[in-house]
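Single-structure report; data block below.
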Amino acid sequence: MIGVSVNGFGTIGKRVADAVAAQPDMSVVGVSKRSPNHEARSAVEAGHDLYAADADRLTEFGARGIPVAGTVGDMLSASDVVVDATPAGVGETYRDRYAEHDIDVVYQGGEDESVAPESFCARANYERSFGAEATRVVSCNTTGLARAVAPLDETYGVSSVEATLIRRGGDPTQTDRGPINDIVPDPVEVPSHHAPDLRTVMPDIDVTTTGVTVPATLMHLHSVTVSLDADPDASEVRERFAAEPRLQLITTASGCEGCADIQEYARDTGRPRGDVWENCIWADAIHVSDGRLTFFQAIHQQADVVPENVDAVRALAGTADAGESRARTDETLGVGM
Ligand code: NAD
């Protein structure tokens, strides 16, 4: 049994804690929070042992009637692996403390790639983190790109990738983010940071990315063109994508015309928090001409990295190979819409 703690019980951390709790080979040692807010209360109600980020905040939790089991240090002492899901840049500040506790660490994509010796996407490079002491799950956008490009590269060979990432302005609770009424090249530099991030897990891919931020919170939408070393027809590519559990083909005929429909479907079918763990690729829009493949995919930024975090824990623990881990994670979470 791998004892896992989650440092930072926010958007990603609470989802990862639930996903870890669903694994037969893992247990949640505890979760930690800095603020004694409603998420802290829900952690306790979900049955997790809650730890405060700082000792001087223990009284704040107590004052709100939220029971805590101790501080982050206590939690780390009892764990084999910590998933760091603190805000971008904060994970790095914990690096020395994690080393003091001699604990394996899964960082998130908001950290610089230098935070860990490897970056991670379970479909692209699971083996590189096998038995390692730390890895970094790449960002939601990069995870989405890597999952789609890896099987194309294996099957047809990929000579280049061009992707425009239409990015949500913020998560639903991020009321201080924007734009409210604009369409913003973001970043204005080309390529955007997503191209070098993809190369941290697929170093040989020739990739150019551009980013645009829009006033939406639901999902990201990618418009992707891949130059293949072969010229399959669109139906062959559809079948190839359909064979990948974390790629979900959707059709406008089923009523999924946009990201809101996908999220509504996830909620209607009882997905926890309406989470969509899979890349959603519009089957109707898959087009190939002279080996140039074009498709759209929607990425639920709050959810797609969750199965990846579970697999990253297993990779560090060295207890399962890539195929075994992905299959176990997918089965326990119910991946596949
Ligand atoms: P968040 O702000 O929703 O959650 C962060 C949590 O960490 C909060 O519960 C906060 O109380 C806690 N925290 C803050 N400071 C802390 C400290 N010093 N010690 C312990 N806990 C502390 O952030 P998030 O959106 O979940 O992002 C976490 C990481 O995941 C970032 O690296 C981010 O870039 C990455 N990520 C986010 C998304 C997304 O869409 N939200 C997608 C993929 C990856």
Side-chain angles (χ1 to χ4, degrees), residues 5-19 30-44 46 48 50-58 60-61 64 66 68 70-76 79 82-98 105-113 115-116 119-121 135-147 165 167-177 193-194 197 213 216-220 259 263 273-277 279 298-309 312:
S5 56
V6 178
N7 191 21
F9 193 78
T11 304
I12 301 300
K14 62 188 171 189
R15 290 170 164 83
V16 171
D18 287 354
V31 303
S32 76
K33 267 206 69 68
R34 195 170 153 74
S35 323
N37 65 4
H38 63 89
E39 282 174 323
R41 194 174 295 283
S42 73
V44 174
H48 299 307
L50 178 68
Y51 293 82
D54 310 304
D56 56 8
R57 288 186 167 244
L58 283 169
E60 284 181 43
F61 283 85
R64 301 254 176 114
I66 301 173
V68 286
T71 59
V72 168
D74 303 319
M75 179 177 83
L76 298 178
S79 311
V82 59
V83 174
D84 181 289
T86 58
V90 175
E92 161 86 45
T93 68
Y94 270 99
R95 203 155 61 155
D96 291 345
R97 283 184 79 185
Y98 295 149
V105 193
V106 178
Y107 292 99
Q108 306 305 309
E111 303 303 320
D112 189 86
E113 65 169 286
V115 78
S119 291
F120 182 90
C121 168
T135 196
R136 178 187 72 116
V137 171
V138 288
S139 77
C140 46
N141 278 307
T142 308
T143 295
L145 284 175
R147 277 182 186 167
L165 314 180
R167 308 165 66 192
R168 56 85 177 110
D171 293 338
T173 57
Q174 291 177 313
T175 46
D176 54 344
R177 298 268 294 250
H193 54 274
H194 307 93
D197 203 31
T213 299
T217 63
L218 297 174
M219 300 178 90
H220 301 298
C259 296
Q263 291 251 296
R273 303 184 176 91
D275 281 352
V276 183
W277 300 296
N279 294 21
I299 303 295
H300 187 195
Q301 74 280 356
Q302 298 173 294
D304 73 328
V305 296
V306 172
E308 305 296 326
N309 271 275

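Keep in mind the model is a prediction, meaning the values are calculated, not measured. One-based numbering, in listed order, for ligands and for the atoms of each.
- Atom 4 (O) of ligand 1 has G10 CA, 3.3 Å as its closest protein atom, hydrogens excluded (heavy atom only).
- Side-chain contact between Y98 and N7 is present, with heavy atoms from C-beta onward closer than 4.5 Å.
- In this structure, R273 and D18 have side chains that are in contact, with non-hydrogen atoms separated by less than 4.5 Å.
- For a threshold of 3.5 Å applied to N or O pairs, the pair formed by G110 and ligand 1 contains at least one separation below that value.
- Within the 4.5 Å cutoff, the side chain of R95 has no heavy atoms near those of the E111 side chain.
- Residue-to-ligand polar distances keep Q302 apart from ligand 1: every N/O pair is separated by 3.5 Å or more.
- Any N or O atom pair closer than 3.5 Å counts here, and S32 shares no such pair with ligand 1.
- If you look at N37 next to ligand 1, there are no close heavy atoms at all, none under 4.0 Å.
- Close contacts between ligand 1 and Q301 involve ligand atoms 38 (C), 39 (C), 40 (O), 42 (C), 43 (C) [criterion: under 4.0 Å to a heavy atom].
- Atom numbering of ligand 1 starts at 1 in the shown order; those under 4.0 Å from a heavy atom of V90 are 18 (N).
- A pairwise comparison of heavy atoms in V72 and A53 identifies CG2-CA, 3.5 Å as the closest pair.
- For atom 23 (O) of ligand 1, the nearest protein heavy atom lies 4.0 Å or farther away.
- Remark: ligand 1 and R168 share an N or O pair separated by less than 3.5 Å (distance only, no angle test).
- For atom 13 (N) of ligand 1, the candidate residues are P87, G13, P36; the nearest heavy-atom contact is made by P87.
- H48 places none of its side-chain heavy atoms less than 4.5 Å from the side chain of V6.
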Trace of the side-chain contact (heavy atoms from CB on, under 4.5 Å) decision for V68 with R57: CA-CA 10 Å; V68 286; R57 288 186 167 244; over 6 Å; no

Residues C140, H220; criterion side-chain contact (heavy atoms from CB on, under 4.5 Å); working and verdict: CA-CA 9 Å; C140 46; H220 301 298; 3.4 Å; yes

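- V16 pairs in a side chain to side chain contact (heavy atoms under 4.5 Å, CB included) with only one of the listed residues (V106, V137, V31, N309), which is N309.
- Between Q108 and ligand 1, no N or O atom pair is found at a separation short of 3.5 Å.
- The closest approach between any non-hydrogen atom of Y94 and ligand 1 is below 4.0 Å.
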In a table with atom names and distances, give each donor-acceptor pair under 3.5 Å that connects a side chain of residues 299-306 to protein atoms at least two apart or in another chain.
{"unit_1": "H300", "atom_1": "ND1", "unit_2": "Q263", "atom_2": "NE2", "d": "3.4"}
{"unit_1": "H300", "atom_1": "ND1", "unit_2": "V276", "atom_2": "N", "d": "3.1"}
{"unit_1": "H300", "atom_1": "NE2", "unit_2": "Q263", "atom_2": "NE2", "d": "3.4"}
{"unit_1": "H300", "atom_1": "NE2", "unit_2": "Q302", "atom_2": "OE1", "d": "3.0"}
{"unit_1": "Q301", "atom_1": "NE2", "unit_2": "D171", "atom_2": "OD1", "d": "3.1"}
{"unit_1": "Q301", "atom_1": "NE2", "unit_2": "T217", "atom_2": "O", "d": "3.0"}

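- Of all protein heavy atoms, the one closest to atom 16 (C) of ligand 1 is R34 CD, 3.6 Å.
- Note that CZ of F9 and CD of E39 are 7.5 Å apart. Values are rounded to the nearest 0.5 Å.
- The backbone of A85, and not its side chain, has at least one atom closer than 4.0 Å to an atom of ligand 1 (non-hydrogen atoms only; backbone = N, CA, C, O).
- Residue contact check for ligand 1: K14 places no non-hydrogen atom closer than 4.0 Å to it.
- Within the 4.5 Å cutoff, the side chain of F61 has heavy atoms near those of the L50 side chain.
- Contact annotation for V72 and ligand 1: no heavy atom of the residue comes within less than 4.0 Å of the ligand.
- At a heavy-atom distance under 4.0 Å, only side-chain atoms of D171, from C-beta outward, approach ligand 1.
- Ligand 1 has an N or O atom lying under 3.5 Å from an N or O atom of T11, backbone or side chain.
- The shortest N/O to N/O separation between G109 and ligand 1 does not fall below 3.5 Å.
- For the 3.5 Å distance criterion, the side chains of D84 and T86 qualify, holding a donor opposite an acceptor.
- For atom 12 (C) of ligand 1, the closest heavy atom belonging to the protein is G8 CA, 3.9 Å.
- Remark: side-chain polar atoms of R168 are not paired, donor with acceptor, to backbone N or O of L218 under 3.5 angstrom.
- Looking at ligand 1, you'll find an N or O of I12 within less than 3.5 Å of one of its N or O atoms.
- Of the protein's non-hydrogen atoms, the one nearest atom 10 (C) of ligand 1 is K33 NZ, 3.8 Å.
- Between R97 and G73, the closest heavy-atom pair is NH2-N, 3.6 Å.
- At the shortest separation from atom 28 (C) of ligand 1 among protein heavy atoms lies T86 O, 3.3 Å.
- Atoms of ligand 1 lying under 4.0 Å from at least one heavy atom of A53, given by number and element, are 19 (N), 20 (C).
- Here the protein heavy atom with the shortest distance to atom 20 (C) of ligand 1 is N7 OD1, 3.2 Å.
- C259 and A298 get closest at one heavy-atom pair: SG-CB, 4.0 Å.
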